[in-house]
Amino acid sequence: MALVSIRPAQLKTLLAETIAARLPTLIVGSPGVGKSEIVSQAAQAANADIIISHPAVADPTDVKGLPWPGKDGEHATFLPFGELKQALDATKPTVWFLDDLGQSTPAVQAGYMQLLLARRVNGHKLPDCVTFVAATNRRGDKAGVNGILEPVKSRFTTIVELQPTLDDWCAWALNNGVPPELIAFLRFRPNLLQDFKPSVDMDNSPCPRTWKAVADILTKTSLGQHQSLLYPAVAGAVGEGAAVEFVEFLKTYRNLPNPDAILLNPDTAKIPSDPSALYAVSAALAHKANTSNFDRVMTYMRRLKDAGFAEFAVLCIRDAEKKTPEIVNTPAFIGAMAGDFGTLISGGNSQ
């Protein structure tokens, strides 16, 4: 039976509830979909410390503690160390995150059973402020997952599968330095956000993690200025097929009017007709939008709508709002929402 899939935004809400209620949660998903990042964000949102364990490289004693001789020489106890000691000493809300649990050995998994259910091990009791969250890839992902023991699975209050979505990824990308051209491309080719194909070969597939690598290539290196090097670098991040499409899209993006030029003359700036160019213009203007120029952005958006491209105008407005929430207080935004754009946006006429 397949697990019910949830979006990243839904997972954040679910974790907010389960962390507060101290209910252990297991997240399943393919490599690179953002499981670890979302757990870290949820812990931060809950104002909780986070302890990150990697059971795949752990030993059963990491969970049990080390046998230690007592002072009488006739008895022994188990001395906690490492992450177990951190958890036992916690005095404020703390998330104990077991990352890649499915890659660990049965002996290590079994070591967590008592902690997950009884919240104690070898005479040591976890404080009430500690909450377990775990993550694992799926057995078919070629990630070294052989499964999770049934009594370990049943000790989690719920098991959910994370499925990335374009809207959630774009909302994250707009506030994390992802270049507008990459956001525009994935708006244009949404199926490439997550096209993970497990392989034994030395290549990568498109997924949120590998697209973040492409963003790093564009923002942290000068490879974007070297056509002969950009393609192999991008292909090494997301695979050849996606790299071909993205590099071709960049040619369209770079041949568009400068978004600054559009904002200087929003009444007369050219409106493209090609869908890839429309995605590019919408993303570029959303990236540039601020409280000082949003009236000019809206002038161009109205022209887009009147030209029959309302869905691209709505995308631009929604992305601009996510990136710069202060624009909702501008007269241009208030006027747009009171008119036709309010109906279009509330009606969800966007991708």
Side-chain angles (χ1 to χ4, degrees), residues 3 11 15 18-19 22-44 46 48-69 76-162 198 209:
L3 289 171
L11 178 58
L15 288 175
T18 57
I19 289 172
R22 302 197 319 277
L23 301 177
T25 303
L26 174 61
I27 307 161
V28 179
S30 60
V33 295
K35 300 182 294 297
S36 303
E37 175 70 18
I38 290 173
V39 172
S40 294
Q41 291 174 6
Q44 185 176 13
D49 290 338
I50 185 167
I51 300 169
I52 302 177
S53 293
H54 297 282
V57 293
D59 183 88
T61 56
D62 294 348
V63 187
K64 295 167 51 181
L66 284 173
W68 200 258
T77 185
F78 285 88
L79 189 66
F81 64 97
E83 290 128 21
L84 175 61
K85 182 70 163 60
Q86 285 181 261
L88 292 171
D89 289 345
T91 57
K92 61 170 289 190
T94 299
V95 173
W96 190 350
F97 179 38
L98 311 178
D99 202 3
D100 293 319
L101 178 62
Q103 293 180 3
S104 60
T105 64
V108 171
Q109 291 182 26
Y112 283 104
M113 286 195 296
Q114 195 177 6
L115 280 171
L116 286 165
L117 186 63
R119 299 180 58 83
R120 63 176 66 242
V121 64
N122 289 332
H124 301 291
K125 184 179 185 300
L126 280 178
D128 290 341
C129 58
V130 175
T131 304
F132 284 101
V133 178
T136 182
N137 298 136
R138 303 165 302 186
R139 291 182 64 182
D141 289 330
K142 296 188 185 299
V145 175
N146 294 315
I148 294 180
L149 299 174
E150 286 295 332
V152 176
K153 283 191 296 184
S154 64
R155 280 165 165 76
F156 288 98
T157 300
T158 187
I159 305 175
V160 294
E161 181 168 10
L162 176 63
R209 178 190 294 160

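What you see is a predicted model, and the numbers here were worked out from it, not measured in a lab.
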Decide yes or no for Leu11 and Val160: does some side-chain heavy atom of the first lie under 4.5 Å from some side-chain heavy atom of the second? yes

Does any part of the side chain of Ile159, heavy atoms only, come nearer than 4.5 Å to the side chain of Lys153, both counted from C-beta? yes

Exactly one of Asn122, Leu115, Leu84 clears side-chain contact (heavy atoms from CB on, under 4.5 Å) with Val63, and that residue is Leu115

My understanding is that only residues two or more places apart in sequence, or in another chain, count here; which of them pass salt bridge (charged side-chain N to carboxylate O under 4.0 Å, His left out) with Arg138? Asp141, Glu161

Would you call Arg155 and Pro151 a side-chain contact if the rule is heavy atoms closer than 4.5 Å? yes

For Ser36 and Phe97, what are the C-alpha separation, side-chain angles and deciding distance, and is it a side chain to side chain contact (heavy atoms under 4.5 Å, CB included)? CA-CA 9 Å; Ser36 303; Phe97 179 38; 3.8 Å; yes

Minimum heavy-atom distance between Phe81 and Thr61, given as atom pair plus value: CE2-O, 3.4 Å

For a quick test of reading the model, state the closest non-hydrogen atom pair linking Tyr112 to Ser53 and the distance between them. OH-CB, 4.0 Å

Hey, does Val130 have a side-chain heavy atom less than 4.5 Å from the side chain of Ile51? no

If every non-hydrogen atom of Pro55 is compared with every non-hydrogen atom of Val108, which pair is closest and at what distance? O-CG1, 3.8 Å

Between Glu83 and Ile52, the two heavy atoms sitting closest are OE2-O, 3.6 Å

More than 12 non-hydrogen atoms from neighbouring residues, nucleotides or ligands closer than 6.0 Å to NZ on Lys125, yes or no? yes

For residues Ile19 and Ala43, report the shortest heavy-atom separation together with the two atoms involved. CD1-N, 4.4 Å

Between Pro31 and Ala143, the two heavy atoms sitting closest are CG-CB, 4.5 Å

Identified side-chain contact (heavy atoms from CB on, under 4.5 Å) partner of Leu116 from the options Leu26, Leu126, Thr157, Val152: Val152

How about Asn137 and Asp100: do any of their side-chain heavy atoms sit closer than 4.5 Å? yes

Please determine whether side chain to side chain contact (heavy atoms under 4.5 Å, CB included) holds for the pair Lys85 and Asp89, giving the CA-CA distance in whole Å, both sets of side-chain angles, and the decisive distance to 0.1 Å. CA-CA 6 Å; Lys85 182 70 163 60; Asp89 289 345; 2.5 Å; yes

Is there a side-chain contact between Phe156 and Leu101 (heavy atoms, below 4.5 Å)? yes

For Ile27, does its backbone N or O pair with a side-chain atom of Lys35 as donor and acceptor, under 3.5 Å? no

